[in-house]
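Each residue takes its place number in the sequence, starting with 1. Everything numeric in this text was worked out from a predicted model, so none of it was measured. Read the numbers this way: they start at 1 and go in the same order the structure lists the ligands and their atoms.
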Amino acid sequence: MLQIVKHQWSNWSGFVTAQPRSMVRPDNQDDLSAIIRTAPGPIRMVGTGHSFTRLVQSEGTIVSLDNFQGLIAHDPQKLQATVGAGTKIGPMTKLLNDIGQALPNMGDIDTQAFGGALATSTHGSGATLGAYPTLLEAIQITDGRGAVREFNRTTNPDAINAVGASLGAFGAVTQVTIRNVASYRLRRRRWAEPVAGVLDRFHSIMTAQRSVEFFYIPFSGQAIMLTSEITDAPVTARPQDTDNEAVKTLRTLRNYLKRMPWLRKSLIGSAIGKLPPEDYVEAWLKVYASERNVKFNEMEYHLPIEEGPRALREIIALLETRFPEVYFPIEVRVVAPDEIWLSPFYKRPSCSIAIHHGAPEDPLPFFAAAEPIFRKYGGRPHWGKMHNLTAKELSAVYPRWNDAMAVRREMDPDNRFVSPYMARLFGVEQ
Ligand SMILES: Cc1cc2nc3c(=O)[nH]c(=O)nc-3n(C[C@H](O)[C@H](O)[C@H](O)COP(=O)(O)OP(=O)(O)OC[C@H]3O[C@@H](n4cnc5c(N)ncnc54)[C@H](O)[C@@H]3O)c2cc1C
């Protein structure tokens, strides 16, 4: 077991830091159970630190599940696979593809640990496509007293729904069985169009195809549309990924033209007009994810789908009248409803609106001004992205909140996984 004492930890964006008394990477189940029982608390699990909130932060022990990786078993008939929760999504997609299986959908990146992505209900876009926890068939989790618990959707759906989006509060997830689909190819298309028209026809556009999303480019009036459809057409080469270069260009324009919004708008508008449309066919695992090299911080709220356009119009107006420093696009997606108690998509077809702020600049004034708009429309925050809600507000927007908290108490009676941040989030007295 690897143990680092007095480690300095930071999340992907650098906004959240921690100095835990120890950071450990257990080799096996016995080590993990012993750590949970005896290591200095609070105990917080870490995947790859891609969350923007303080979920992983701990002055006690941070536990990495890096040694719980790989494909453990699979069922070709049911198209199910069991993987270690520490498996990173990129390598996992290759393991699945090699056995003819595929994830039905993915988010923007594939660098997270699957256990981390499950814990925060990480999602992609698609009106009929759920977030990662909807794939769960079975889960193995080490509870707050170091005991191994196994839950199965067939025999105990409530348990899966209770711990599916766990925020690392119920225990350390060591392995999961997920329900996949047969490997497929995707036709990916990208083009620009005025955002006003997209918002006018929002519901029909966002639900017309299997997967639709768009990025609104601040100060441009333009949306970059992205669709992914399953196809039997032959593979064509994926064009070079220019997202990082595009964001750097937007930053440069911001730097020079912050006080000249009309010129900024006209230059960005004409640059977007010249963007060549993208249209290619590739294997599923080579389409969804891109590299994100330019660091940012992010707030994302999930709203009832019908509120999406109204909320987005207000967010755009806020950004363009009061926050000229913002250059990162706003990402807009739709997500299918699910049954997971702490999933922000619980029983609700959702529109997700994500706002970004370049790091290391201060994101808080923009996010604080945007949050009341998201909340006014009934938004639930992405667990891994910045927000200021605590148990009082969260319990009001999660119908099964009390049930989930009761399961948490049963699984972690000594509050081993409760850090100050988690105490605030869940309303646990310390
Ligand atoms: C560049 C970038 C792009 C992103 N794109 C998307 C996107 O497209 N869609 C989306 O929904 N989100 C997206 N996110 C957010 C990201 O997917 C989530 O924050 C995710 O939880 C990060 O996974 P991680 O492995 O880094 O987990 P961490 O941030 O390390 O941990 C997240 C939570 O999971 C818990 N955890 C981790 N492993 C375990 C385990 N084995 N057992 C129990 N608990 C565990 C931790 O305790 C913590 O509570 C993005 C983030 C970044 C930085």
### Message
Looking at Asp279 and Arg189, would you say the former's side chain and the latter's main chain have a donor-acceptor pair under 3.5 Å?
### Response
no

### Query
Which pairs with one or both residues in residues 157-173 pass side chain to side chain donor-acceptor pair (under 3.5 Å), sequence neighbours excluded?
Arg153-Asn161

### Task
Using the six-membered ring of Phe170, assess whether NZ or CZ of Arg416 lies under 6.0 Å from its centre and within 45 degrees of the ring axis.
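Checked: cation-pi criterion not met.
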
### Message
Quick check with a 6.0 Å cut-off and a 45 degree axis cone: is Arg187 positioned over the face of Tyr280's six-membered ring?
### Response
no

### Aromatic ring pairing Phe296/Trp12, orientation class (parallel under 30°, perpendicular over 60°, tilted between)
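Rings of Phe296 and Trp12: perpendicular, as their planes differ by over 60°.
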
### Task
Could you label the plane-to-plane angle of the Phe366 and Phe323 rings as parallel, tilted or perpendicular, counting under 30° as parallel and over 60° as perpendicular?
tilted

### Message
Students should find this: residues with any non-hydrogen atom under 4.0 Å from ligand 1. What is the answer?
### Response
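Protein residues near ligand 1 are Trp12, Arg44, Met45, Val46, Gly47, Thr48, Gly49, His50, Ser51, Phe52, Leu55, Val56, Leu65, Ala85, Gly107, Asp108, Ile109, Gln112, Ala113, Gly115, Gly116, Ala117, Ala119, Thr120, Thr122, His123, Leu167, Gly168, Gly171, Ala172, Val173, Arg292, Phe296, Arg333, His382, Gly384, Lys385.
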
